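Structure first, commentary second.
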Amino acid sequence: MPDNGWPADRIDTESAHSARIYDYILGGKDYYPADKEAGDAMAREWPALPIHMKANRDWMNRAVAYLAKEAGIRQFLDIGTGIPTSPNLHEIAQSVAPDSRVVYVDNDPIVLTLSQGLLSSTPEGKTAYVEADMLDPATILGAAELRDTLDLTRPVALTVIAIVHFVLDEDDAVGIVRRLLEPLPSGSYLAMSIGTAEFAPDEVARVAREYAARNMPMRLRTHAEAEEFFEGLELVEPGVVQVHKWHPDGTETGIRDEDIAMYGVVARKP
């Protein structure tokens, strides 16, 4: 567990946090006892939870590699970055194109503290970190770090990975994503993974209750609701599918549909 002298007034070590639970379940080290307790409780309710979380991470790797290699994207805006886990998004993109430029956005002070791991860019490229809330697109888009790193006259990949299930209806997740995408030019992309309970409804509902009991209510979406994020965009084949079915690379052997509670989607802005 971390021992980095994080400011006590900013880090709540007594309450579980979604990013730290994710880190714990994926085998990381940046979590506290409350996060371990929560992760263990959730995995008891749904033993496939670690498989699901790893599959989401693997999908992110494939989606970013596709965007850099097949789509030729050289600029990325990553919303809700979470605790750095190698390979990070910029490492994947820069392994394909060393001149890739990445802006990470998160509002968790732990992510800020660990953000040095997100800033180890290649000499040809650039990375930056913006501390901001996803619910405030104007602040994100107006941040000096973003404007100094990305050229918004050229295509950008907006990545919103495993975060919108924590955005409730009253906060209008679809509207937030559209406001983030609006200033990006034609040829930009939107890549998202979106939580769903359609394939293991009872198990995922129990996990959602564990999150809600720790003040992290969730809004899980149907296939039709996931599609709403991509209205007016051109879906990359195979469209809105579970993450393990999007451009599989052979590492998904043995994963059952009921092990996965996340859709993975990539789409192009015309």
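Worth saying up front: this structure is predicted, and the values here are computed from it rather than measured.
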Q. Going from OG1 on T222 to CD on E227, what distance comes out if it is rounded to the nearest 0.5 angstrom?
A. 8.5 Å

Q. Which pair of non-hydrogen atoms, one from H90 and one from V102, has the smallest distance, and what is that distance?
A. CB-CG2, 3.7 Å

Q.
A side-chain contact here means heavy atoms from C-beta on lying under 4.5 Å apart; do I110 and Y32 qualify?
A. yes

Q) Below 4.0 angstrom, N of the basic side chain to O of the carboxylate: do E252 and R62 qualify? A) yes

Q) In this structure, which one of S100, S120, S121 forms a side-chain hydrogen bond (donor to acceptor under 3.5 Å, both in side chains) with Q94? A) S121

(Q) Using side-chain heavy atoms (C-beta onward) and a distance below 4.5 Å, is T139 in contact with D133? (A) no

Sequence neighbours excluded and cut-off under 3.5 Å, please list the side-chain donor-acceptor pairs for residues 196-207, or say none.
| unit_1 | atom_1 | unit_2 | atom_2 | d |
| --- | --- | --- | --- | --- |
| T196 | OG1 | E198 | N | 3.2 |
| T196 | OG1 | R221 | O | 2.7 |
| E198 | OE1 | H223 | N | 2.9 |
| E198 | OE1 | Y263 | OH | 2.3 |
| R206 | NE | E45 | OE1 | 2.9 |
| R206 | NH2 | E45 | O | 3.1 |

Q: Would you confirm whether R147, through its side chain, and A143, through its main-chain N or O, come within 3.5 Å as a donor-acceptor pair?
A: no

Q.
What I'd like to find out is whether the side chain of V240 reaches to under 4.5 Å of the side chain of I194, using heavy atoms alone.
A. no

**Q.** Lys/Arg N to Asp/Glu carboxylate O, R219 vs E225, below 4.0 Å
**A.** yes

Q) How far apart are the closest heavy atoms of V105 and A132, and which atoms are they? A) CG1-O, 3.8 Å

Q: Could you please spell out the steps behind the side chain to side chain contact (heavy atoms under 4.5 Å, CB included) verdict for Q242 and M262?
A: CA-CA 6 Å; Q242 287 172 286; M262 200 83 75; over 6 Å; no

Q | Check: A267 main-chain N/O paired with E234 side-chain donor or acceptor under 3.5 Å | A | no

Q.
Do M53 and M216 sit in one hydrophobic cluster, given that two such residues count as connected whenever their side-chain heavy atoms are within less than 4.5 Å of each other, even indirectly?
A. yes

Q. Do E231 and R178 sit within salt-bridge range, that is, some charged N less than 4.0 Å from a carboxylate O?
A. yes

Q: Measure the CZ-OG1 distance between R101 and T122 for me, rounded to the nearest 0.5 Å.
A: 9.5 Å

Q) Below 4.5 Å, heavy atoms only, C-beta onward: do R179 and D172 meet side chain to side chain? A) yes

Q) Of all heavy-atom pairs between G187 and P155, which one has the smallest distance, and what is that distance? A) O-CB, 3.4 Å

Q | Reported OG1-to-CE distance for the pair T81 and M134, which is rounded to 0.5 angstrom | A | 11.5 Å

Q: Kindly compute the distance separating CG (L158) from CD (E182), expressed to the nearest 0.5 Å.
A: 12.5 Å

Q: Decide whether V241 and V266 are clustered together by the hydrophobic rule: side chain heavy atoms of Ile, Leu, Val, Met, Phe, Trp, Tyr closer than 4.5 Å, transitively.
A: yes

Q: Determine whether F229 and L235 fall in the same hydrophobic cluster, where Ile, Leu, Val, Met, Phe, Trp and Tyr are linked whenever their side-chain heavy atoms lie under 4.5 Å apart.
A: yes

Q: Ignoring hydrogens and angles, tell me if any N or O in the side chain of R74 forms a donor-acceptor pair with the backbone of A68 under 3.5 Å.
A: yes

Q: Please determine if K245 and D257 form a salt bridge, counting it only when a charged side-chain N lies under 4.0 Å from a carboxylate O.
A: yes

Q.
So does T127 get a backbone contact from the side chain of T149, meaning a donor-acceptor N/O pair under 3.5 Å?
A. no

Q: Answer yes when D259 and R256 have at least one side-chain N-carboxylate O distance shorter than 4.0 Å, and no when they do not.
A: yes

Q: Would you sort out whether L181 and L233 count as a side chain to side chain contact (heavy atoms under 4.5 Å, CB included), showing the intermediate values?
A: CA-CA 11 Å; L181 191 62; L233 305 181; 3.8 Å; yes

**Q.** Contacts of Y129 that satisfy side-chain contact (heavy atoms from CB on, under 4.5 Å) - sequence neighbours left out
**A.** Y104, D106, V111, L112, S115, L118, L119, E131

Q) Do the side-chain N and O atoms of T153 and D151 include a donor-acceptor pair separated by under 3.5 angstrom? A) yes

Q) Taking the six-membered ring for Trp, are H247 and W59 ring centroids under 6.0 Å apart? A) no

**Q.** Which atom of I92 lies closest to which atom of S95, heavy atoms considered
**A.** O-OG, 2.6 Å

(Q) Quick check on side-chain contact (heavy atoms from CB on, under 4.5 Å): which of T159, V103, V160 does D78 satisfy it with? (A) T159

Q. Any link between F166 and L26 through a network of hydrophobic side chains (Ile, Leu, Val, Met, Phe, Trp, Tyr) touching at under 4.5 Å?
A. yes

(Q) Could you check whether any side-chain heavy atom of V236 comes within less than 4.5 Å of a side-chain heavy atom of W246, counting everything from C-beta outward? (A) yes

Q. Hey, does L152 have a side-chain heavy atom less than 4.5 Å from the side chain of L150?
A. yes

Q: Please report the shortest heavy-atom distance between A162 and S193, naming the atom on each side.
A: N-OG, 2.8 Å

Q | K126 and E145: CA distance, side-chain angles, deciding distance, salt bridge (charged side-chain N to carboxylate O under 4.0 Å, His left out) verdict | A | CA-CA 11 Å; K126 186 175 181 180; E145 297 90 343; over 6 Å; no

Q: Considering non-hydrogen atoms only, spot the tightest contact between Y31 and R20 and give its length.
A: CB-O, 3.8 Å

Q | From CG (D171) to CD1 (I176), nearest 0.5 Å | A | 6.0 Å

(Q) Would you compute the distance between atom CG of L77 and atom CG of L184 and round it to the nearest 0.5 angstrom? (A) 7.0 Å

Q: From the options D35, D30, D40, select the one residue that forms a side-chain hydrogen bond (donor to acceptor under 3.5 Å, both in side chains) with Y24.
A: D40

Q: Evaluate the side chain to side chain contact (heavy atoms under 4.5 Å, CB included) criterion for residues Y22 and I83: first the C-alpha distance (whole Å), next the side-chain angles of each, then the deciding distance (0.1 Å), finally the verdict.
A: CA-CA 9 Å; Y22 187 75; I83 291 171; over 6 Å; no

Q: Would you mind reporting whether I140 and I79 have side-chain heavy atoms less than 4.5 Å apart?
A: yes

Q. Is L135 linked to L180 within one hydrophobic cluster, defined over Ile, Leu, Val, Met, Phe, Trp and Tyr using a side-chain heavy-atom separation of less than 4.5 Å?
A. yes

Q.
Is any side-chain heavy atom of S15 closer than 4.5 Å to one of N215?
A. no

